[in-house]
Amino acid sequence: MTLYLRHYWKDERLSFPSTTNKSMTFDGRLVKKIWVPDVFFVHSKRSFIHDTTTENIMLRVFPDGHVLYSLRVTVTAACNMDFSRFPLDSQTCTLELESYAYTDEDLMLYWKSGDESLSTDDRISLSQFLIQKFHTTSRLAFYSSTGWYNRLYINFTLRRHIFFFLLQTYFPATLMVMLSWVSFWIDQPKRTLWLYCATGITTVLTMSTIITGVNASMPRVSYIKAVDIYLWVSFVFVFLSVLEYAAVNYLTTLRDGKDRKLREKAREQSLPCTCGMSHTGTMMVDGTYSESDTNSLAGYTRAPAPEDPPEKQERMVVHISLDNESTATKKKTRFRSFSFMQNTHAIDTYSRMIFPGSYIIFNLIYWSVYC
């Protein structure tokens, strides 16, 4: 920040009698010949006094010995920030002023008018932060080798602008998650490899790019940030969508293979033979039974009778094939166990409700906690 740092004190050695002049103003050349406070910025990384076109220093002396010492300084100071709520965070940065040589027994620093000692330009605006408030404090600082020093604090409360991160991070991540749900609304026979590449691989790679880009512009902190939670949960949703597509594709392959085997088996059973039957029986029916009576034997398989001598034409031979009841029960149980696995349409139907519902609930919890 660039600021005007003004010191006020009284030095009776600089008093002078005057009836016409209210004060006398000097430039920086006189500063080197009188005593001035040795105030420095404690956590300054770099600071300098402006010297264009001359040193921006002013010294004003009043007849009673009061002195105003003003200089224009640009300071780059350190600010310890907590990024656990980034980018929905508020930071408190402190600018600290202290005498370098004089302890509190020799020099006492204080704010002349409390918070009124600070004034900012209303036109000042920061690209990432909004200055919510600032206030002044003072307390003693102890150094084990030199003693106690009086220290002044300027505390700035900064609120980070969220709109930039909404456009660059949150909206793209949300759209990628919604794009990964497209395959839920496409009929299974129409799913092809290009659709898997478009919705699956593309969304996963895009989410990875967003996560990498955000972390590349951030300090390497050892804790989880709020934006990391949102991006990684979104990445998990995208990854689960890809797994859902792979699972449905695999179950569809199993179902198609099962249906092909059943069709082949049904084709074999439609031939006029008793192959594959558990056991067969032969029933001799007297000629006194009519053809309608013999047709009433439901559930049995009729086969043509062998040729008999002419004298035995009054009898009819009916071949009856009986399936084993335990075998049929086993087949029914097996098909019932695979009924859910084969119904891939039901998996897509549940996914259409579970995935969007879960993501909406996550967003409600996330924004209510961090906003």
Side-chain angles (χ1 to χ4, degrees), residues 1-81 91-103 106-138 141 149-158 160-161:
M1 65 177 65
T2 299
L3 52 90
Y4 295 95
L5 182 60
R6 298 187 175 97
H7 309 74
Y8 301 88
W9 74 94
K10 184 177 182 180
D11 190 346
E12 295 180 352
R13 297 172 297 178
L14 299 178
S15 62
F16 60 93
S18 176
T19 57
T20 58
N21 293 333
K22 294 182 179 180
S23 63
M24 298 180 64
T25 303
F26 306 93
D27 56 18
R29 291 174 294 178
L30 184 62
V31 173
K32 300 177 182 179
K33 299 180 179 180
I34 65 172
W35 179 90
V36 293
D38 57 343
V39 175
F40 77 104
F41 297 97
V42 178
H43 297 296
S44 172
K45 292 185 175 180
R46 182 174 180 268
S47 59
F48 61 92
I49 300 175
H50 291 259
D51 55 0
T52 306
T53 56
T54 60
E55 285 188 324
N56 298 170
I57 297 176
M58 181 197 71
L59 185 68
R60 183 173 295 171
V61 181
F62 295 87
D64 58 353
H66 280 87
V67 179
L68 167 59
Y69 173 47
S70 177
L71 62 160
R72 183 168 175 253
V73 185
T74 294
V75 182
T76 302
C79 179
N80 295 324
M81 294 186 176
Q91 304 292 342
T92 300
C93 294
T94 303
L95 192 64
E96 304 176 11
L97 296 88
E98 182 181 304
S99 173
Y100 190 82
Y102 301 103
T103 64
D106 302 322
L107 178 64
M108 200 67 183
L109 296 176
Y110 63 93
W111 294 108
K112 183 179 180 182
S113 303
D115 290 343
E116 300 297 328
S117 302
L118 297 177
S119 60
T120 58
D121 192 346
D122 296 334
R123 296 173 297 178
I124 292 178
S125 62
L126 304 178
S127 59
Q128 287 197 40
F129 293 98
L130 171 66
I131 302 178
Q132 288 185 323
K133 62 179 180 179
F134 54 85
H135 63 280
T136 61
T137 56
S138 62
Y149 292 82
N150 191 248
R151 183 177 296 181
L152 304 181
Y153 297 85
I154 308 175
N155 302 306
F156 296 92
T157 302
L158 309 176
R160 195 184 302 273
H161 294 299

Where do [X] and [Y] come nearest, in terms of heavy atoms and distance?
X    : Y    : answer
L152 : L109 : CD2-O, 3.7 Å
A78  : K45  : CB-CE, 4.0 Å
N150 : Y110 : OD1-N, 4.3 Å
R151 : V42  : NE-CG2, 3.9 Å
Y149 : Y102 : CD2-O, 3.2 Å

Heavy-atom check, side chain of [X] versus side chain of [Y], under 4.5 Å:
X    : Y    : result
I131 : L158 : yes
E55  : V31  : no
V67  : L14  : yes
L97  : I154 : yes
E98  : F40  : yes
V75  : L95  : yes

* Structure fact -> For H7, the side chain to side chain donor-acceptor pair (under 3.5 Å) test, sequence neighbours excluded, returns none

So, does [X] use its side chain to make a donor-acceptor pair with the main chain of [Y] at under 3.5 Å?
X    : Y    : result
H161 : F129 : yes
S113 : E116 : no
D38  : V36  : no
W111 : T137 : yes

Measuring from atom [atom1] of [X] to atom [atom2] of [Y], what distance do you get when rounded to the nearest 0.5 angstrom?
X    : Y   : atom1 : atom2 : value
Q128 : Q91 : CD    : CD    : 10.5 Å
R72  : I57 : CZ    : CD1   : 12.5 Å
H66  : S15 : NE2   : OG    : 11.0 Å
M81  : C93 : CE    : SG    : 4.0 Å

* Evaluate the ring planes of F134 and F156, with Trp represented by its six-membered ring, and classify them as parallel (under 30°), tilted (30 to 60°) or perpendicular (over 60°). => tilted

* Please test H135 against N155 for side chain to side chain donor-acceptor pair (under 3.5 Å), starting from the C-alpha separation and ending with a verdict. => CA-CA 5 Å; H135 63 280; N155 302 306; 3.2 Å; yes

* Between R46 and T74, is a side-chain contact (heavy atoms from CB on, under 4.5 Å) present by the stated rule, with each step listed? -> CA-CA 8 Å; R46 182 174 180 268; T74 294; over 6 Å; no

* Step through it carefully: locate the ring centre of H43, locate the ring centre of F41, and say whether they are under 6.0 Å apart. => no

* To do: Mind jotting down which residue pairs meet the disulfide (SG to SG under 2.5 Å) criterion with at least one end in residues 11-42? Sequence neighbours excluded, please.
  => none

* Asked: Near F26 CZ, under 6.0 Å, is it more than 12 heavy atoms from other residues, nucleotides or ligands?
  -> yes

